[in-house]
Number of protein chains: 2
Amino acid sequence: MRLPVIQYTGTEGVLDLGWGHPDPTLLPVEAWAASTSEAVPAAGWTALTYGYAAGPGQLLEWLTVHIGAIDGRAPEPAELFVTAGASQGLELVSSVLTRPGDVVLVDSPTYHLALRILADRGVELRAAPTDEQGIDPAATARLVGDLRAEGRRVPMLYAVATFNNPSGASMPMPRRRELIRALEGVTIVEDDTYRELAYEGPVPASLWSLASAGVVRLGSFSKTVAPGLRLGYLTADAAFVRRLASRGYVDSGGCVNHTSAMVLAHFATTGRYEAHVSVLRDAYRRRRDTLVTALRSAAPGVEFAVPGGGWFLWLRVPDAASLARRALERGVGLSTGERFHVGGGGGHHLRASFSMYSPADLEEAAHRFAQALPPPP
Amino acid sequence: MRLPVIQYTGTEGVLDLGWGHPDPTLLPVEAWAASTSEAVPAAGWTALTYGYAAGPGQLLEWLTVHIGAIDGRAPEPAELFVTAGASQGLELVSSVLTRPGDVVLVDSPTYHLALRILADRGVELRAAPTDEQGIDPAATARLVGDLRAEGRRVPMLYAVATFNNPSGASMPMPRRRELIRALEGVTIVEDDTYRELAYEGPVPASLWSLASAGVVRLGSFSKTVAPGLRLGYLTADAAFVRRLASRGYVDSGGCVNHTSAMVLAHFATTGRYEAHVSVLRDAYRRRRDTLVTALRSAAPGVEFAVPGGGWFLWLRVPDAASLARRALERGVGLSTGERFHVGGGGGHHLRASFSMYSPADLEEAAHRFAQALPPPP
């Protein structure tokens, strides 16, 4: 009997750029083990008993300072809640905000597995109208008005506004302010997973940091430390955090991932977090640059924007589905664009992740992909 | 700024038997730190990346053998799913089984915070009819029939059948078989948190082990290892496990607590689990015996059954609410019985937990409690 240990085990001979997983060599194995063997004995039994619902104070204190450094403003401790990863955060937040039959708006394209999490709520998913800057605030406000006029509840909008998965695009600052103003009464759930994987200069302030209320921002340690930890955080107004902390299962079990949160606080306050993220930024920047250069050289007819952060290139192609099939036959995996859309779209895009492979593998993948392209007409 | 770290911080001068928390001195601080510093480097990056949805193979393999040793039968690996604690397990299972407006049945008395988790689902909670052996199968089947005749959905029943929290009672074996037979079409969610904290001889086989399908059994490492880990497991039929594994947020994040599950597998397969649970059994048995003896001596008029396992004495008293108030004034905390009931009841019971304090503190608590009793008429 040999059971699986991890989620993705790969296919022999395939360089799978379809998966947004970290490069195994970039996971902080020794640093995490060392942090645990220091932090747990130092904290003693407080590391192992039921944790404070919103997360252990050490982690909340560090997050207030850290978020102040990477975003538009620092949260108060009462505006923070430690989650078991951004996906669990979205599950929890959408449980609180929605009821079956509600309409939930999403950006397009957007993180495809978020669509599945939201669908589990029994809600109807609708794409918010977009233009080249992302979600169109005025058109979206009109859609909300129309839906409400039909008697529908529209409690939330989900968006990956910064280094979007899959497109890599970030909503410009003026558009962020317009969106917040336009959507009063709709809670914006902002998936802010990629903020710290930024490869050039400043990152736009989060929607959360620009609004006084009505935005819940989901952060994660999956990309910056390790996804197996199932650890993240969110920022929201203090009243919303209190609603989360008073959920039955949080009240019963305390912090949803207390021991790991205690270790993360130690990993962070000993400087390991900053050092590790700095290594990641350099490594993923190099991977991005390698794949960009290799694709421009091998497949000059394929258009894409160079993302300022995150893990993905969003390739514009004539026929995504058939090209993905041909690419797979040549040993390179890609995600087809329609998975990232609600209600159609994406037929001319492929998502290529540069996170899981070495620069040499990425060059080989670009080469195989180019061979799968149809000959120029 | 000094933020809370843990859930329960206590009240100066109060011996609080109202909380079902572990004794801090019985948490395996050094053994957990050592297990992490061994397991994470040994497993390398597989300990830190996205885990297999149902849990890492090492832990599933150990659980098949371990559950075979402590329960009526061993599960197949496909019948196992690793959770982020029994409370998260109940949140997840009830999300899959129920819709707002459904009726969910519960045993009486029952774990009070489970009632809050279920209430978050927007369901109506109803007490299943009980007699001195626990849930009455025939009467419950009639209630289900009546509710369905009214057009209500009754998808699940929640019960703590073994070492019940709060009563300490276990449903007798024949009653278990009758209940399974009587409730076809209603999924029994069996909270089996206390099975391994058994202080005398064999423990009745779980409802899950007696049924071919239709029972989900929630297990936990909160009582046997540490609650801060937020780690547990459930056993169910393989089709139900597949439904859980295909939830959006499990599909997105993989195993809901992968790294801790990897460490737990190492903690278990190196023999630390068995050794630790053996220490716990002796320690909690002694605490139970101390509180039983002290109460019989100091408060002979207060009746209770001696539980064969778990953490609680269920004290029969004339007026629970006023006695709890007087006891608190004398420095001993107790939980009033009405919190463990749906739709009334419990006014003549107090729950006293012997888990959090030393034998000496438990003797002092019994003494204070006796002083709070009204004088005999």
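Just so it is clear: chains get the letters A, B, ... in the order the sequence lines come, proteins before strands, and each one is counted from 1. This structure is a prediction, so every number in the text was calculated from the model and none was measured.
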ask   = Do Tyr111(A) and Ser252(B) meet the criterion of a side-chain donor-acceptor pair at a distance under 3.5 Å?
value = yes
Quick one: which of [options] has the most heavy-atom pairs under 4.5 Å with chain B, could you say?
options                                    : result
Val225(A), Ile117(A), Val256(A), Asn257(A) : Ile117(A)
Gln58(A), His112(A), Arg247(A)             : Arg247(A)
Ala86(A), Pro24(A), Ala33(A), Pro56(A)     : Pro24(A)
Ala119(A), Ala54(A), Ala226(A)             : Ala226(A)

Would you mind reporting whether [Y] and [X] have side-chain heavy atoms less than 4.5 Å apart?
X         : Y         : result
Leu229(B) : His258(A) : no
Gln88(A)  : Gln88(B)  : no
Pro22(B)  : Trp45(A)  : no
Tyr52(B)  : Ile6(A)   : no
Pro28(A)  : Leu48(B)  : yes
Arg2(A)   : Glu61(B)  : yes

At their closest point, which heavy atom of [X] faces which heavy atom of [Y], and how far apart are they?
X         : Y         : result
His21(A)  : Thr49(B)  : ND1-OG1, 4.5 Å
Val29(A)  : Pro41(B)  : CG1-CA, 3.9 Å
Ser87(B)  : Gly253(A) : OG-N, 4.1 Å
Thr259(A) : Trp32(B)  : CG2-NE1, 4.3 Å

Under 4.5 Å to a heavy atom of chain A? For Arg121(B) that would be side chain
So, the part of Val263(B) with a heavy atom under 4.5 Å from chain A: the answer is neither
Name the region of [X], side chain, backbone, both or neither, that has any atom closer than 4.5 Å to a heavy atom of chain B.
X         : answer
Pro100(A) : side chain
Ser222(A) : side chain
Glu30(A)  : side chain
Val250(A) : backbone

Has [X] got a side-chain atom pairing as donor or acceptor with [Y]'s backbone, closer than 3.5 angstrom?
X         : Y         : answer
Arg116(B) : Ser246(A) : yes
Gln7(A)   : Asp251(B) : yes
Asp120(A) : Gly248(B) : yes

With chain A, the option among Pro227(B), Ser37(B), Gly57(B) that has the most non-hydrogen atom pairs under 4.5 Å is Pro227(B)
Separation between CG (Leu113(A)) and OH (Tyr249(B)), nearest 0.5 Å, reads 14.5 Å
